[in-house]
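To find a chain, count down the sequence lines: A is the first, B the second, and so on, and within it residues start at 1.
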Protein chains: 2
Amino acid sequence: MARVAEVSVSTVSRAFTVPDMVHPQTRRKVLQAAEELGYQPNRAARGLVTGRTGNIGVVVPDVANPFFSAVLKGCAARARGAQHVVFLADAAEDPRVEAEMVGAMAKQVDGIVLCSPRENSAELHRLVGTSPLVLVNRVEGGLPAVLMDSADGVRQAVEHLAALGHRRIAYLSGPAASWAGEERLGGLRAAAPACDVEAVELGPFPPTFQGGIQATDLALARGVTAVLAFNDLMAIGVLNRLAARGVSVPGQMSVIGFDDIEMASMTTEPLTTVQMPMEAAGRAAVDMLLDDPQPTTELQRWLPTQLIVRSTTAPLPAAPAATR
Amino acid sequence: MARVAEVSVSTVSRAFTVPDMVHPQTRRKVLQAAEELGYQPNRAARGLVTGRTGNIGVVVPDVANPFFSAVLKGCAARARGAQHVVFLADAAEDPRVEAEMVGAMAKQVDGIVLCSPRENSAELHRLVGTSPLVLVNRVEGGLPAVLMDSADGVRQAVEHLAALGHRRIAYLSGPAASWAGEERLGGLRAAAPACDVEAVELGPFPPTFQGGIQATDLALARGVTAVLAFNDLMAIGVLNRLAARGVSVPGQMSVIGFDDIEMASMTTEPLTTVQMPMEAAGRAAVDMLLDDPQPTTELQRWLPTQLIVRSTTAPLPAAPAATR
DNA sequence: GTGAAAGCGCTAACAC
DNA sequence: GTGTTAGCGCTTTCAC
């Protein structure tokens with residue numbers, strides 16, 4: 001390459017890294033030679049000497065889960081904008097694999113985004129030594145993190161239902177160990193009394209379609225007029241089971257989900273849901289990893305959630321006029 | 001590291017790459033020191049000298065699309081099994097980005113899996129020089145590829161409908177440029193006459209929920225008794241529109257989708273669909289990239305598709321007994 | 001079985 | 001502005 005362009009290797013290097021430092025004419029010569037040869041600087045070799053690889057790692061529990069693939073998409077988009085490539089690790093929901101993958105990527109990336117890590121506190125802190133880390137959807141000690149304000153989402157949902165006249169609603173919780181789940185529960189316990197509604201906490205249930213089915217019968221037995229599910233998948237299960245049991249939505253029962261996976265708006269009854277900004281979270285995480293020159297910046301970045309009202313929520317027929 | 005273990009760097013290297021070549025006792029010493037220091041060989045540096053990076057690249061048009069995230073998951077799983085890590089590129093449905101990403105990854109990977117590449121033939125062949133390539137869901141010149149037998153899937157679907165007594169069915173085509181679409185059309189044109197059914201080709205439509213809505217009215221106007229949609233997303237749109245227009249499924253109209261994205265089985269009417277082995281395709285692609293010592297192996301790997309019959313297809317009420 | 005030395009492709013001083 | 005040189009962390013001859 002250097003030979004073809006008739007310059008030294010350093011000039012080639014400079015032409016790519018600090019273009020203003022080489023004579024415009026020389027630069028042209030180099031770039032043209034590169035074009036002909038299809039030459040591109042070897043990023044791995046570059047990383048070896050600069051210490052910066054131009055790669056960022058992303059670890060998710062399951063790529064096929066739309067929640068995580070959305071985060072991943074956000075990461076990929078921002079990484080590309082910053083001329084970085086992303087290293088993906090699918091941890092298959094296994095904490096050990098998670099740690100192992102972080103190790104494997106560590107030396108090859110400038111930082112790692114860990115989505116909803118399943119590992120325990122100690123293990124997590126051990127990994128920090130390996131490579132800069134940013135957590136998504138989990139808080140842990142003093143580690144930088146991107147969080148979504150689930151608690152506020154719950155508040156919005158509860159206020160919405162209360163305004164519609166509902167006075168007794170069920171919350172269907174997801175996995176017990178989930179950080180987001182804790183947050184939501186907290187939000188619920190704060191919002192319910194404030195809105196003068198009674199919250200019936202049910203669960204934990206698996207955060208799946210089946211979990212929703214299972215939860216529905218319990219909710220029905222408790223005489224609530226509205227249901228707030230841990231996520232959209234569960235909410236869709238609820239919708240299904242309610243239909244099967246002849247309960248009309250939103251006539252007899254209002255239903256709200258969480259996450260807003262795309263398909264939730266496509267069911268026969270478009271689902272009222274609390275939207276989680278997953279792509280934005282991915283982007284924010286990469287941002288924190290990359291343009292954080294001074295580590296004194298805010299350690300946690302909170303992203304707002306937003307209630308999207310669709311056709312599965314409606315006023316209670318017997319509800320008094322909203323004058324109050 | 002070498003100092004801590006009190007051996008030379010070469011011995012450390014050997015302890016990791018050719019363990020049998022070092023004295024068991026020395027090996028223990030090295031491994032133990034590595035454990036203490038949390039040392040792991042730098043894969044990038046290793047790649048520099050061996051020429052093998054231990055990375056494989058995967059580029060998809062859109063990670064958030066469940067079809068591609070499934071393929072990606074397959075790739076990631078197999079890569080991990082082969083001690084490789086995957087480089088992900090989300091091309092954002094843009095052919096130029098696709099090419100650019102291939103270039104960026106080329107020197108850093110042992111091979112690249114290109115999923116449903118949007119680029120033209122010439123560009124694709126140009127990229128081959130950069131790095132070993134395996135295509136998924138597209139055939140192109142003499143390039144190695146993993147394909148799913150869509151044509152056969154259509155045959156199964158048509159046979160199924162024919163056996164149920166349907167004699168006039170609509171096929172809702174997706175994007176005109178899609179290779180898989182061409183395949184399916186071919187399968188349709190072969191299977192329909194053979195099964196004595198009349199196929200009404202409609203479209204192209206966008207391969208989305210909306211596309212399905214749009215297509216439904218056309219299909220209804222053509223007096224068909226069954227519909228075969230380009231993919232599940234469209235099929236769900238169809239289901240929706242049919243419900244809105246008061247057409248009962250499967251009573252008055254049978255509906256079949258393609259892909260089997262997970263959610264298709266969760267709608268109120270679980271969708272009959274032709275299942276595409278997306279994860280398997282990802283695994284196969286990585287296999288072809290990695291354990292292909294002799295490039296004379298089969299160039300194309302065909303994966304079977306399978307019709308999953310669920311509740312959106314049923315016999316035509318007026319259907320004659322299947323004696324014929 | 002182990003060490004010394006060369007070199008993978010690149011960047012970063014340091015000269016000129 | 002440009003060339004020379006050292007060296008990033010590793011593997012791989014080639015000695016011993």
**OP:** Report, as a single string ordered 5' to 3', how protein heavy atoms within less than 4.0 Å touch nucleotides 8-16 of chain C: B base, S sugar-phosphate only, - not at all.
**Re:** BBBBBB---
Original post:
Tell me the salt bridge (Lys or Arg N to Asp or Glu O under 4.0 Å) pairs involving residues 90-102 of chain A, sequence neighbours left out?
Top reply: A:Asp90-B:Lys73, A:Glu93-A:Arg118, A:Glu100-B:Arg80
Give the table of side-chain donor-acceptor pairs shorter than 3.5 Å for residues 40-53 of chain A, with sequence neighbours excluded, one pair per line with atom names and distance.
residue: A:Asn42; atom: OD1; partner: A:Ala44; partner atom: N; Å: 2.8
residue: A:Asn42; atom: OD1; partner: A:Ala45; partner atom: N; Å: 3.0
residue: A:Arg43; atom: NH2; partner: A:Gly54; partner atom: O; Å: 2.8
residue: A:Arg43; atom: NH2; partner: A:Gln83; partner atom: O; Å: 3.4
residue: A:Thr50; atom: OG1; partner: A:Arg46; partner atom: O; Å: 2.9
residue: A:Thr50; atom: OG1; partner: A:Arg52; partner atom: N; Å: 3.1
residue: A:Thr50; atom: OG1; partner: A:Arg52; partner atom: O; Å: 3.0
residue: A:Thr53; atom: OG1; partner: A:Asn55; partner atom: N; Å: 3.1
residue: A:Thr53; atom: OG1; partner: A:Gln108; partner atom: O; Å: 3.2
residue: A:Thr53; atom: OG1; partner: A:Asp110; partner atom: N; Å: 3.4
residue: A:Thr53; atom: OG1; partner: A:Asp110; partner atom: OD1; Å: 3.0

Subject >> Nearest-angstrom distance from the residue atom CZ of B:Arg3 to P of C:dG3 >> reply: 15 Å
Original post:
Whole-Å distance between C:dT2 C1' and B:Lys29 NZ?
Top reply: 11 Å
Original post:
Got a sec, which pairs hit salt bridge (Lys or Arg N to Asp or Glu O under 4.0 Å) with one end in residues 5-25 of chain A, sequence neighbours left out?
Top reply: none
Original post:
Who passes side-chain contact (heavy atoms from CB on, under 4.5 Å) against A:Pro175, sequence neighbours left out?
Top reply: A:Ser178, A:Pro207, A:Phe230
Subject >> Angle by which the axis turns from one end of the helix from C:dG1-D:dC16 to C:dC16-D:dG1 to the other, five pairs per end, to 10 degrees >> reply: 40°
**OP:** Taking ring pair (Phe, Tyr, Trp, His ring centres under 6.0 Å) as the test, write out the residues that go with B:Phe68, two or more places apart.
**Re:** none
Subject >> Contact boundaries on DNA chain D for chain A, cut-off under 4.0 Å to non-hydrogen atoms >> reply: D:dG1 to D:dG9
Original post:
Distance from A:Met101 atom CE to A:Leu114 atom CG, nearest 0.5 Å?
Top reply: 11.5 Å
Original post:
Taking only residues two or more places apart in sequence or in another chain, which ones pass ring pair (Phe, Tyr, Trp, His ring centres under 6.0 Å) with B:Phe67?
Top reply: none
**OP:** Could you list the residues that satisfy side chain to side chain donor-acceptor pair (under 3.5 Å) with B:Ser8, not counting sequence neighbours?
**Re:** B:Ser10, B:Thr11
Subject >> Residues forming a side-chain contact (heavy atoms from CB on, under 4.5 Å) with A:Thr130, sequence neighbours excluded >> reply: A:Ala106, A:Leu127
Original post:
Which residue pairs satisfy the salt bridge (Lys or Arg N to Asp or Glu O under 4.0 Å) criterion with at least one member in residues 122-144 of chain A, sequence neighbours excluded?
Top reply: A:Glu123-A:Arg126, A:Arg138-A:Glu140
